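Below is one structure; the comments refer to it alone.
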Amino acid sequence: MEKVLIELQQAIENGETQIAMDKTKEAMNHGIRTDKIIQTAINPAFKDLGQKMFDGEIYVTDVLMASRAAHAAMYVMEPILSRSIGTSKGIVAIGTVAGDLHDIGKNLVIMMLQGSGYTVIDLGIDVPVETFIEAIRMHKPHVLALSSLLTTTLPELDNMIDVLTAEGLRSQVKVIVGGTPVTAEYAGRIKADAYANDLFEATEAVEDLVKNRIGKYTV
Ligand code: B1M
């Protein structure tokens with residue numbers, strides 16, 4: 001692996017914001033693609049941090065510092081990931097479900113969707129079901145994208161689909177779910193329309209949902 005990517009991973013893990021930005025710029029100047037930067041530096045950094053957090057080797061504050069550094073790296077890549085391609089291909093409303101504050105993955109999914117030509121309404125983190133419903137009524141998105149990183153907030157995905165049905169909105173919006181504890185099997189069980197494992201799959205799945213196609217990630 002390129003030295004610069006190892007250094008970027010290290011800088012993120014150490015919460016070194018300026019170094020993370022510099023290393024991201026350096027990697028891009030070397031012609032390393034943003035998808036490679038994400039897959040070989042950002043994702044492994046958080047895999048490592050997650051394990052250390054689980055083992056009690058580091059504290060939440062350490063992970064917060066690392067998150068800040070990762071956001072800074074993403075900020076450097078943003079103009080490339082979100083390069084607009086003219087008219088909107090569709091509207092996606094996205095948020096992290098109630099009780100969950102994780103947003104690094106969601107923000108990457110947003111950048112990728114924007115870069116692929118979608119209008120994205122970001123509802124943020126810890127989003128209650130009522131806010132999602134309000135956004136659907138107001139913006140009429142083609143797709144509702146729900147992110148959950150915690151096992152404890154998984155039932156919020158199920159709950160969201162039940163409320164959509166109860167409110168008579170289920171046929172008006174396609175639902176895609178994602179985040180580490182989510183699986184294709186779970187997505188099928190709660191009758192979501194698609195499941196995606198990462199930002200690339202999420203974009204492909206949204207493309208299928210907007211075009212009403214059965215695709216690799218529709219369930
Ligand atoms: Co949290 N946390 N965290 N954390 N954290 C995890 C998720 C955990 C697995 C760590 C661990 O114990 N090993 C664990 C969850 C265990 C579980 O429930 N199964 C955990 C825990 C327990 C907690 C707290 C409870 C810790 C505590 O307080 N004791 C607490 C909960 C707070 C809350 O939400 N209420 C907490 C807090 C935090 C921080 C605030 C410190 C910070 C979040 C900062 C932020 O997001 N702004 C944090 C972080 C950073 C992590 C880890 C280390 C990294 C997550 C991350 O950003 N990954 C994480 C461990 C891990 O995942 N290895 C962990 C990088 C990111 C690019 O990947 O988010 O997976 P990811 O997103 C991917 C895919 O999942 C997918 O695409 C993204 C890009 O490829 N994807 C979608 C995501 N959403 C999608 C939506 C889609 C499609 C794809 O369509 C809609």
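Both counts, for ligands and for their atoms, begin at 1 and track the order of listing. Note that the structure is a prediction, hence the values are computed from the model and not measured.
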Could you please provide the protein residues found below 4.0 Å of ligand 1 on a heavy-atom basis, arranged by chain and number?
-> N43, F46, K47, G50, M53, F54, V60, V63, L64, S67, H71, G99, D100, L101, H102, D103, I104, G105, L108, V109, A145, L146, S147, L149, L150, T151, I176, V177, G178, G179, T180, A196, N197, D198, L199, A202
Calculate, to the nearest 0.5 Å, the distance between atoms CZ and CG belonging to R137 and L169 respectively.
->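 R137 CZ to L169 CG: 4.5 Å, rounded to 0.5 Å.
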Under 6.0 Å from the OH atom of Y75, do we count more than 12 heavy atoms belonging to anything else shown?
-> no
Salt-bridge criterion met for D193 and R170 (N-O under 4.0 Å) |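 A salt bridge is present here (some side-chain N lies under 4.0 Å from a carboxylate O).
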Would D158 and K191 pass as an ion pair if we require N to O under 4.0 Å?
-> no
Indicate whether any N or O donor in one side chain lies under 3.5 Å from an N or O acceptor in the other, for E207 and Y118.
->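 Yes.
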Is a side-chain N or O of D126 found less than 3.5 angstrom from the main chain of L101, in a donor-acceptor match?
->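 A pair under 3.5 Å: no.
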